[in-house]
Amino acid sequence: MMNADNPSAYPIVGVLALQGAFREHRRALEKCGAQTREVRRRHELTGLDALVIPGGESTTIGKLMVSYGLLEPVRGLAREGLPVFGTCAGLVMLAGEVVEGDQPLLEVMEVKVRRNAFGRQVNSFETPLGLPALPGGQPFPGVFIRAPWIEQAGPGVELLASHEGRPVAARQGNLLATAFHPELTDDLRLHDFFLDLVSSR
Ligand code: GLN
């Protein structure tokens with residue numbers, strides 16, 4: 001997306017910093033050559049080329065987005081085409097619907113998600129994931145922490161990876177989402193993939 005406020009070649013990526021793993025996303029994005037900005041206030045959305053919504057607790061992130069006046073503006077920007085990458089709780093926030101839940105959501109992606117879906121006894125695990133959209137061909141290290149899965153997806157959603165037959169990564173136009181945490185690994189391919197999406201818009 002051409003951004004008149006940012007003539008430099010390096011995109012400015014906001015990282016929603018209300019709660020959760022935002023520092024790790026900043027580090028990964030900066031390693032990929034982006035500039036980053038922590039976003040807690042509405043005015044900090046101005047001039048961004050993209051936004052990342054990190055993992056954490058989606059009920060908390062949603063409530064804080066409402067009370068900081070960020071839910072509506074982020075929804076509007078995402079609908080206008082701002083690239084947004086949501087990981088884990090960030091995927092939940094992007095979703096149109098949550099199974100058995102009533103919590104503030106952005107409702108911008110045609111997916112229905114099930115929270116904490118991979119079983120209570122296995123809250124956290126790492127597994128290699130096939131992600132053919134990424135270069136290199138080697139599996140992506142999937143770090144799952146009380147992760148959701150995608151229960152249903154609309155026709156505009158491209159599923160990028162699955163685990164145990166459940167979709168765990170998806171793209172819909174300007175929106176990218178993973179149920180796992182690429183920011184907690186040294187593999188930068190998904191952040192690079194997102195930045196390619198940002199520069200192609
Ligand atoms: N279980 C959390 C939620 O539903 C997500 C966990 C995470 O982001 N690591 O919001």
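Hydrogens, waters and symmetry mates are skipped; everything else that's a heavy atom, side chains included, is used. Numbering of ligands and ligand atoms starts at 1, following listing order. Fair warning: this is a prediction, and the values are worked out from it, not measured in the lab.
- If you look at H181 and F144, their ring centroids are not closer than 6.0 Å.
- Using a 4.0 Å heavy-atom criterion, the residues that approach ligand 1 are G55, G56, E57, S58, C88, A89, R115, N116, I145, R146, H181.
- In this model, no donor atom of one side chain and acceptor atom of the other lie less than 3.5 Å apart for T59 and Q103.
- The aromatic rings of F118 and W149 sit perpendicular to each other, their planes meeting at more than 60°, with 30° as the lower class boundary.
- Using modelled atom types, one finds a donor on one side chain and an acceptor on the other under 3.5 Å when comparing T87 with H25.
- No side-chain donor-acceptor contact under 3.5 Å links E57 and Q19.
- Residues R75 and E72 are paired through a salt bridge, judged by an N-O separation under 4.0 Å between the basic side chain and the carboxylate.
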